Engineer: 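Take this structure, written in structure tokens, and hold onto it; I'll ask about it next.
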Amino acid sequence: MGSSSPSPSPAPAPPQSSAPAYGASNASLRWQILRRALLARSSSSRTSDGTTNDQQKIGDTNKISRKASRGFNLIECHVVPVSQLNKSQGNSLNGNEDTVECQKDVNVCYKLPCGGSQELSVVYRREDSLELNDIQASNRYNIDTTGLVCCWPSEEVLAFYCINHSDMFRSKKVLELGSGYGLAGLAIAASTNAKEVVISDGNPQVVGYIQKNVSINAETFDRTKVKSMTLHWDQEQPSDMLNSFDIIVASDCTFFKQFHQNLARVVKSLLKHSEASQAIFLSPKRGDSLNKFLDMIQEHGLCYELIENYDPTVWNLHKKYVAGDDRSWPNYNEEHCYPLLVRITFGHSV
């Protein structure tokens with residue numbers, strides 16, 4: 001999200017209409033989320049019912065947190081110990097094993113829903129591992145830290161959508177913007193026979209994880225060239241990148257309105273001038289944020305198509321969550337959880 005996109009496959013939980021049981025305001029609960037992220041808990045006192053005060057607070061803060069609590073579960077996955085990943089990779093990480101084995105990391109193995117039973121190993125930061133230097137880096141590079149938080153639901157949906165439309169990527173040069181840990185870009189590289197996939201983010205810390213994940217999965221990409229890069233939307237891009245990408249993809253990158261203008265400019269400057277070229281964004285409405293971005297797209301002379309029902313599996317899950325027929329995602333909220341598909345082109349809007 002923002003200049004960066006991102007436990008895997010979760011979704012932002014909306015604020016609840018009723019106040020938490022112990023009477024704290026939403027504002028105070030959000031401060032508790034920040035406190036929990038920055039301060040290590042050395043001990044916690046027990047309440048009369050045997051639960052800890054921290055457990056009670058976490059339960060309440062989860063109700064109002066925008067951080068994902070779950071996702072659409074479109075891609076089968078399971079956690080693999082990082083030590084096991086290192087052993088299976090041997091020397092393929094070029095001496096970076098110690099980095100991968102960082103205690104802050106967790107490895108998730110995805111079984112892609114496509115022919116050949118391809119699997120991806122994606123290394124993430126563990127939950128609740130935000131550090132002060134992450135915020136300092138955010139200020140230094142004018143970026144947000146959401147790419148370090150988790151793999152956001154829209155990223156999983158984007159990966160699922162691209163796998164199911166693999167033919168559109170064949171022999172194409174593809175760029176993922178604000179990729180976070182890079183699940184969608186990695187899935188495209190592993191399953192679509194794209195010519196080249198560039199997975200980018202504005203946060204150098206996130207790009208480190210992307211490169212790690214590219215190295216780990218190198219054998220699954222066949223002939224597709226895959227690379228990571230730091231790409232800031234507010235900077236001029238190298239001349240060899242201008243109007244060179246057949247397809248640009250992004251997920252949940254429209255939340256922060258202050259990035260809209262630069263994001264629209266980057267799409268226009270990097271997308272190839274061709275009738276077949278397109279940018280595919282998957283983003284929830286999040287109030288008027290998505291609509292504001294679409295206005296900015298038009299201001300930059302681009303056209304767009306907004307599609308609500310773009311995949312039957314995702315749509316059916318969405319309808320069940322909204323209707324309450326599936327209660328596995330109790331905090332599901334259409335405004336913040338369901339990504340709409342935006343197709344951006346140089347042609348005529350539909």
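None of the values given here were measured: they were computed from a predicted structure. Residues take their numbers from the sequence shown, with the count starting at 1.
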Engineer: Determine whether more than 12 heavy atoms belonging to other residues, nucleotides or ligands lie under 6.0 Å from atom NZ of Lys292.
Structural biologist: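 Counting other residues, nucleotides and ligands, NZ of Lys292 stays at 12 neighbours or fewer.
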
Engineer: Do you know the tightest heavy-atom contact between Glu119 and Asn217?
Structural biologist: O-OD1, 4.1 Å

Engineer: Check whether more than 12 heavy atoms from other residues, nucleotides or ligands sit under 6.0 Å from atom CD of Gln211, and answer yes or no.
Structural biologist: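 Enclosed: over 12 neighbouring heavy atoms sit under 6.0 Å from CD of Gln211.
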
Engineer: Ring centroid separation for Tyr332 and His318, is it under 6.0 angstrom?
Structural biologist: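 Yes, close enough.
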
Engineer: For the pair Val122 and Leu186, evaluate side-chain contact (heavy atoms from CB on, under 4.5 Å) and give the outcome as yes or no after the intermediate values.
Structural biologist: CA-CA 9 Å; Val122 184; Leu186 295 168; 4.0 Å; yes

Engineer: Does some side-chain heavy atom of Asp201 sit less than 4.5 Å from a side-chain heavy atom of Ile210?
Structural biologist: yes

Engineer: Got a second to check how far Thr230's OG1 is from Gln235's CD, nearest 0.5 Å?
Structural biologist: 9.5 Å

Engineer: Should Met296 and Leu290 be counted in the same cluster of Ile, Leu, Val, Met, Phe, Trp and Tyr side chains packed under 4.5 Å apart?
Structural biologist: no

Engineer: Using a 4.5 Å cut-off on heavy atoms from C-beta on, say whether the side chain of Arg223 contacts that of Lys195.
Structural biologist: no

Engineer: Report the distance from atom OG of Ser228 to atom CD1 of Ile199, rounding to the nearest 0.5 Å.
Structural biologist: 7.5 Å

Engineer: How long is the straight-line distance from CD1 of Ile344 back to CD of Glu305, given to the nearest 0.5 Å?
Structural biologist: 11.5 Å

Engineer: What is the minimum heavy-atom distance between Ser283 and Asp252, and which atoms define it?
Structural biologist: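 In terms of heavy atoms, the two residues are closest at OG-N, 3.6 Å.
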
Engineer: Is the closest basic N to carboxylate O distance between Asp325 and Lys319 below 4.0 Å?
Structural biologist: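 Looking at Asp325 and Lys319, the cut-off is not met.
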
Engineer: Apply the test salt bridge (charged side-chain N to carboxylate O under 4.0 Å, His left out) to residues Arg170 and Asp167: give CA-CA distance (whole Å), side-chain angles for both, the deciding distance (0.1 Å), then the verdict.
Structural biologist: CA-CA 5 Å; Arg170 187 181 301 275; Asp167 286 347; 3.4 Å; yes

Engineer: Would you kindly confirm whether Val214 and Val80 end up in one hydrophobic cluster when ILVMFWY residues are joined by side chain heavy atoms under 4.5 Å apart?
Structural biologist: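 The answer is no; the residues belong to distinct hydrophobic clusters.
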
Engineer: Should the pair Asp246-Lys173 be classified as a salt bridge under the 4.0 Å nitrogen-to-oxygen rule?
Structural biologist: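 Answer for the salt bridge query: no.
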
Engineer: Evaluate the criterion side-chain contact (heavy atoms from CB on, under 4.5 Å) for residue pair Leu341 and Leu306; output intermediate values, then yes/no.
Structural biologist: CA-CA 6 Å; Leu341 188 146; Leu306 184 63; over 6 Å; no

Engineer: Does NZ or CZ of Lys172 lie under 6.0 Å from the centre of the six-membered ring of Phe169, at an angle within 45° of the ring axis?
Structural biologist: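 So Lys172 doesn't make the cation-pi contact.
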
Engineer: Taking Ser289 for the side chain and Phe255 for the main chain, is one N or O donor matched with an acceptor at less than 3.5 Å?
Structural biologist: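 Looks like yes, one N/O pair under 3.5 Å.
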
Engineer: Has Gln118 got a side-chain atom pairing as donor or acceptor with Lys111's backbone, closer than 3.5 angstrom?
Structural biologist: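 No; judged by distance alone, with no hydrogens or angles, the pair does not exist.
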
Engineer: Passes side-chain contact (heavy atoms from CB on, under 4.5 Å), His165 versus Tyr161? Steps please.
Structural biologist: CA-CA 6 Å; His165 295 80; Tyr161 177 86; 3.2 Å; yes

Engineer: side-chain hydrogen bond (donor to acceptor under 3.5 Å, both in side chains) for Thr224 and Asp222? Distances and angles first, verdict last.
Structural biologist: CA-CA 6 Å; Thr224 300; Asp222 196 16; over 6 Å; no

Engineer: Judged by atom type as modelled, is there a donor-acceptor pair below 3.5 Å linking the side chain of Ser277 to the main-chain atoms of His273?
Structural biologist: no

Engineer: Which pair of heavy atoms, one from Arg125 and one from Asp105, lies closest together, and at what distance?
Structural biologist: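 Heavy atoms of Arg125 and Asp105 come nearest at CA-OD1, 4.2 Å.
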
Engineer: Taking the side chain as every heavy atom from C-beta outward, state whether Pro339 and Ser251 have any pair of such atoms under 4.5 Å apart.
Structural biologist: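 In short, these two side chains do not touch, never coming nearer than 4.5 Å.
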
Engineer: Could you list the residues that satisfy ring-ring contact (aromatic ring centres under 6.0 Å, His included) with Phe245, not counting sequence neighbours?
Structural biologist: none

Engineer: Within the 4.5 Å heavy-atom criterion, are Lys268 and Asn243 side-chain neighbours or not?
Structural biologist: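 Of all side-chain heavy-atom pairs linking Asn243 with Lys268, none is under 4.5 Å.
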
Engineer: Can you tell me how the ring of Phe293 sits relative to the ring of Phe281, calling it parallel under 30°, perpendicular over 60° and tilted otherwise?
Structural biologist: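 Rings of Phe293 and Phe281: parallel, under 30°.
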
Engineer: Return the minimal non-hydrogen interatomic distance between Met241 and Leu231, and the atom names on each side.
Structural biologist: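 Result for this residue pair: CE-CD1, 3.8 Å.
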
Engineer: Grab the two heavy atoms, one from Leu302 and one from Val267, that are nearest each other, plus how far apart they are.
Structural biologist: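 Taking Leu302 first and Val267 second, the nearest heavy atoms are CD1-CG1, 4.2 Å.
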
Engineer: With a 4.5 Å cut-off on side-chain heavy atoms, are Glu236 and Arg265 touching?
Structural biologist: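 Side-chain contact under 4.5 Å: yes.
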
Engineer: May I ask you to check whether Trp315 and Tyr310 place their ring centers less than 6.0 Å from one another?
Structural biologist: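 Between Trp315 and Tyr310, the centre distance exceeds or equals 6.0 Å.
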
Engineer: Considering all heavy atoms of both residues, which atom of Cys253 and which atom of Leu177 are nearest to each other, and what is their separation?
Structural biologist: SG-O, 3.7 Å

Engineer: Whether the side chain of Ser179 engages the backbone of Tyr181 through a donor-acceptor N/O pair (distance < 3.5 Å, no angle test) should be reported.
Structural biologist: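 Checking the backbone N and O of Tyr181 against the side chain of Ser179, no donor-acceptor pair under 3.5 Å is found.
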
Engineer: Any side-chain heavy-atom pair from Thr254 and His260 closer than 4.5 angstrom?
Structural biologist: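 Result yes, sub-4.5 Å side-chain heavy-atom pair found.
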
Engineer: Please check this pair: side chain of Glu176 against backbone of Gly185, looking for a donor-acceptor N/O pair closer than 3.5 Å.
Structural biologist: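 A pair under 3.5 Å: yes.
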
Engineer: Could you grab the distance from atom CD of Glu155 to atom CD1 of Ile75, nearest 0.5 Å is fine?
Structural biologist: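 Answer for the CD-CD1 pair, Glu155 versus Ile75, is 9.0 Å.
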
Engineer: In Å and rounded to the nearest 0.5 Å, what is the CG to OG distance from Asn107 to Ser121?
Structural biologist: 4.5 Å

Engineer: Is there a side-chain contact between Lys285 and Leu340 (heavy atoms, below 4.5 Å)?
Structural biologist: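 Yes, close enough: below the 4.5 Å cut-off.
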
Engineer: Step by step, work out the side-chain contact (heavy atoms from CB on, under 4.5 Å) result for Tyr338 and Tyr321.
Structural biologist: CA-CA 10 Å; Tyr338 183 69; Tyr321 294 142; over 6 Å; no

Engineer: Heavy-atom count around Gln258 CD within 6.0 Å, excluding the residue itself: above 12?
Structural biologist: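 Correct, the count exceeds 12.
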
Engineer: How long is the gap from OH on Tyr304 to CZ on Arg343, to the nearest 0.5 Å?
Structural biologist: 14.5 Å

Engineer: Side chains of Lys227 and Val197: does their closest heavy-atom pair fall under 4.5 Å?
Structural biologist: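 No; the side chains remain at least 4.5 Å from each other.
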
